[in-house]
Amino acid sequence: MQSILIKHLGKHVGEEVTVQGWLYNKRSSGKIQFLIVRDGTGLVQGVLVKKEAPELFDLAKGITQESSIRVKGIVREEPRSVGGYELTVTGLEVISMAEEYPISHKEHGVDFLMDRRHLWIRTPRQNAILRIRAEIEQAARDFFHQNDFTLVDSPIITPAACEGTTTLFELDYHGEKAYLSQSGQLYNEASAMAVGRMYCFGPTFRAEKSKTRRHLMEFWMIEAEAAFFDHEDNMKLQEELVYFIIQRVLERRRKDLEFLGRDISKLEAIQLPFPRLSYTEAVELLKSKGEEFEWGQDFGAPHETIISESFDAPVFIHRFPAEIKAFYMKPDPEDPRVVLGADLIAPEGYGEMIGGGQRIDDLKLLEQRIEEHKLPREAFEWYLDLRRYGSVPHSGFGLGLERTVAWICKLDHVRETIPFPRMLYRVYP
RNA sequence: UCCCCGAUAGCUCAAUGGUAGAGCAACCGGCUGUUAACCGGUAGGUUGUAGGUUCGAAUCCUACUCGGGGAGCCA
């Protein structure tokens, strides 16, 4: 069946076309009906006048919300109609009549909608978010491809914890214990030694009982790792990636941002380079804002919000105390108390968007750190091999996709940034 | 794991110790340009579960269940 997408209707003014989709809404008076059809690319209004097409008119009267339909009609420009175009209906076919649809056009609560997430994603608002998410994913892939990074997928089932810190989902791997990956990072380092510059993009899993608007049990991470990149190169790469993503979304998904009510000027105002603040400077900033804070403590979510609200762009906090960061972080040669790592904090209180840094490339030091962190050395032998066979300075980072989407769309919860969120106490549907 | 909050019609909510109600959705009818259309009508309830206080509980108390927000941890 030849049909056209609603987004392309403007190219067919005056022609008779067929649109296939679902009945989004219907309004009627005695002699005229308006059928609003959605197909995932937009909405269009079909008009039926009783005296001109009495049989179609009666058929339309019985069509329920979300029934799948095929509508033939002549395309007209019509400013009164959603999307600016309208179909004068000349043919109408019901593919499948929907039962009474649970999601109405009135307000609903989060619990109700989350239980019906498989239907909720049909709504225009959720459609817009999913399109922006897709655009961000595509932009990241394009960015890395253009910058000579090779996509190297990392495993999802892993034999041991990557960093030995967070709680992992455990699996029975044919009688052995295995875990769902919390990060591809260690594997990425191996891949970077193979192809020089690599990135990976996949789901990651955290079993912590986190219950906030910034957390999911299953989330997607865009990770990159590059040989011969130092800490400064790494931050530069991160800000260029984020900037590229913003520009791409502004260019290609502006309508969706507008539909969501996003204040676009805040995204347009973002410029390179992003502000950089050392941990020590960040502590001073917090103190100047009246916060009680000791050097050596880790930042909590409220601290990150205070820091991010002091800047209009995402802000790097770099050179954290070694004690509060992962074992593989390279110490700063100029001040060994701190490591050459940075977190990128999103504006407007969205929290940490990227975590990354330069990795230890010295075998002896890495062995020492594994011991200090009481990690099972056998599990890391292959990782130590990377320092035995042609070790080089290298750096990498991981960008949390859902937090990035939440910030760009200015949503109040990450659960709307992913089609089927996995949250504490919620794995259905 | 801890702290706070919530659960009443299919949905969103009201009823603050005294006869459980409204709007929307559904169904029936009306309306020739609707924009979450509008107007009239019909139907719809073991007030999350269990117990307690009381002449009387949706309302007060206890426990439980489910969920929401936040902390910690993190992206």
Side-chain angles (χ1 to χ4, degrees), chain A residues 24-36 43 45-52 57 61-62 64-66 76 78-84 86 88 98-116 119-120 123-125 162-163 165-168 181-185 203-223 238 297-305 324-326 343-346 350-356 397-407 412-415 417-418 423-426 428:
Chain A
Y24 175 67
N25 200 2
K26 184 175 66 176
R27 301 184 191 95
S28 65
S29 61
K31 305 287 191 300
I32 188 165
Q33 279 190 87
F34 301 96
L35 304 179
I36 295 153
L43 295 175
Q45 173 166 284
V47 187
L48 274 162
V49 176
K50 188 172 187 176
K51 69 179 179 195
E52 286 168 17
F57 191 90
K61 254 167 105 173
T64 51
Q65 186 187 353
E66 286 299 319
R76 281 185 297 108
E78 173 55 74
R80 284 177 293 185
S81 173
V82 276
E86 195 167 77
T88 304
E99 295 177 22
E100 188 183 332
Y101 195 65
I103 300 180
S104 72
H105 295 286
K106 296 285 176 178
E107 247 176 73
H108 293 287
V110 170
D111 194 36
F112 177 83
L113 289 169
M114 287 305 307
D115 281 340
R116 291 157 187 79
L119 302 177
W120 188 20
T123 58
R125 180 183 159 82
C162 256
E163 307 179 13
T165 50
T166 53
T167 319
L168 304 181
S181 173
Q182 57 154 334
S183 163
Q185 138 124 47
T204 48
F205 306 88
R206 305 280 166 92
E208 284 127 359
K209 296 195 188 297
S210 299
K211 195 167 158 45
T212 82
R213 67 185 69 203
R214 298 181 307 280
H215 288 90
L216 296 169
M217 301 295 107
E218 175 184 296
F219 67 97
W220 287 66
M221 197 149 65
I222 299 169
E223 292 178 283
Q238 290 168 42
Q297 264 182 275
D298 204 355
F299 299 126
H303 299 126
E304 287 179 351
T305 301
I324 60 172
K325 286 289 167 185
D343 288 351
L344 184 66
I345 310 297
Y350 282 92
E352 189 182 338
M353 190 162 63
I354 295 182
F397 63 90
L399 175 145
L401 179 65
E402 285 74 16
R403 287 187 183 174
T404 305
V405 177
W407 162 51
D412 55 18
H413 200 300
V414 290
R415 66 181 159 223
T417 65
I418 186 167
M423 301 186 293
L424 193 61
Y425 310 134
R426 192 183 278 285
Y428 178 91

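Quantities reported herein were computed from a predicted structural model and do not represent experimental measurements. So that the names make sense, note that chain A is the first sequence line, chain B the second, and so on, each numbered from 1.
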Practice item. Answer whether the closest heavy-atom distance between the side chains of A/H105 and A/Q65 falls below 4.5 Å. Key: yes
Point to revise | Any donor-acceptor pair under 3.5 Å from A/R214 side chain to A/R403 backbone | key: no
Exercise for review: Take A/E107 and A/K26, find for each the nucleotide of RNA chain B with the closest heavy atom, and name the residue whose nucleotide sits nearer the 5' end.
Suggested key: A/E107
Check your understanding: Between B/U32, B/U34, B/C73, which nucleotide gets closest to the side-chain atoms of A/R80?
Key -> B/U34
Check your understanding: Counting any heavy atom closer than 4.0 Å, what does A/D343 reach on the DNA or RNA strands: base, sugar-phosphate only, or nothing?
Key -> nothing
Check your understanding: Could you give the CG-to-P distance, from A/L216 to B/C73, as a whole number of Å?
Key -> 19 Å
Exercise for review: Quick one: label A/Y425 by what it contacts on the DNA or RNA (base, sugar-phosphate, nothing), any heavy atom closer than 4.0 Å.
Suggested key: sugar-phosphate
Check your understanding: Nearest of B/G33, B/A75, B/U34 to any side-chain atom of A/H215?
Key -> B/A75
Revision key, fill the gap. If pairing means Watson-Crick or G-U wobble with both distances under 3.5 Å, then the partner of B/C11 is B/G23
Point to revise | Selected nucleotide, minimal atom distance to A/K106 side chain, candidates B/U32, B/A36, B/G72 | key: B/A36
Review point. Using a cut-off of 4.0 Å on non-hydrogen atoms, how would the nucleic acid contact of A/Q45 be classed: base, sugar-phosphate, or nothing?
Key: base
Practice item. Considering just the side-chain nitrogens and oxygens of A/H105, establish if one lies under 4.0 Å of OP1 or OP2 belonging to B/C11. Key: no
Practice item. May I ask you to evaluate whether A/R415 reaches the phosphate of B/G67, defined as a side-chain N or O under 4.0 Å from OP1 or OP2? Key: no
Practice item. Could you tell me whether the phosphate oxygens of B/U32, OP1 or OP2, come under 4.0 Å of any side-chain nitrogen or oxygen in A/K31? Key: yes
Point to revise | C1' gap between B/C73 and B/C66, integer Å | key: 25 Å
Practice item. For B/G10 and B/G45, measure between their P atoms and round to the nearest Å. Key: 7 Å
Review point. Rounding to the closest angstrom, what is the interatomic distance between B/C13 and B/C28 at atom C1'?
Key: 26 Å
Exercise for review: Indicate whether OP1 or OP2 belonging to B/A71 is found under 4.0 Å from a side-chain N or O atom of A/R214.
Suggested key: yes
Exercise for review: Check whether any side-chain N or O of A/K211 sits under 4.0 Å from OP1 or OP2 of B/A71, and answer yes or no.
Suggested key: no
Review point. How far, in whole Å, is B/C2 from B/G18 if one measures between their C1' atoms?
Key: 41 Å
Exercise for review: Report which part of the nucleic acid A/E223 touches: base, sugar-phosphate, or nothing (heavy-atom distance under 4.0 Å, all strands).
Suggested key: nothing
Check your understanding: What integer number of Å spans the C1' atoms of B/G52 and B/A26?
Key -> 40 Å
Review point. Are any side-chain N or O atoms of A/Q45 and backbone N or O atoms of A/V82, one a donor and one an acceptor, separated by less than 3.5 Å?
Key: no
Review point. Mapping A/K61 and A/E218 onto RNA chain B by nearest heavy atom, which one lands closer to the 5' end?
Key: A/K61
Exercise for review: Among B/G72, B/U34, B/C24, find the nucleotide with the atom closest to the side chain of A/T212.
Suggested key: B/G72
Check your understanding: According to the 5.5 Å centroid and 30° plane-angle thresholds, does A/F219 stack upon the nucleobase of B/A75?
Key -> yes
Check your understanding: Considering Watson-Crick and G-U wobble pairs with both distances under 3.5 Å, what does B/G67 pair with?
Key -> B/C5
Review point. Using atom P of each nucleotide, how far apart are B/G67 and B/U53 to the nearest Å?
Key: 32 Å
Exercise for review: Would you mind checking if A/R76 and A/E78 are paired as a salt bridge, meaning a charged N to carboxylate O distance below 4.0 Å?
Suggested key: yes
Point to revise | Side chain A/K209, main chain A/L424, donor-acceptor under 3.5 Å | key: no
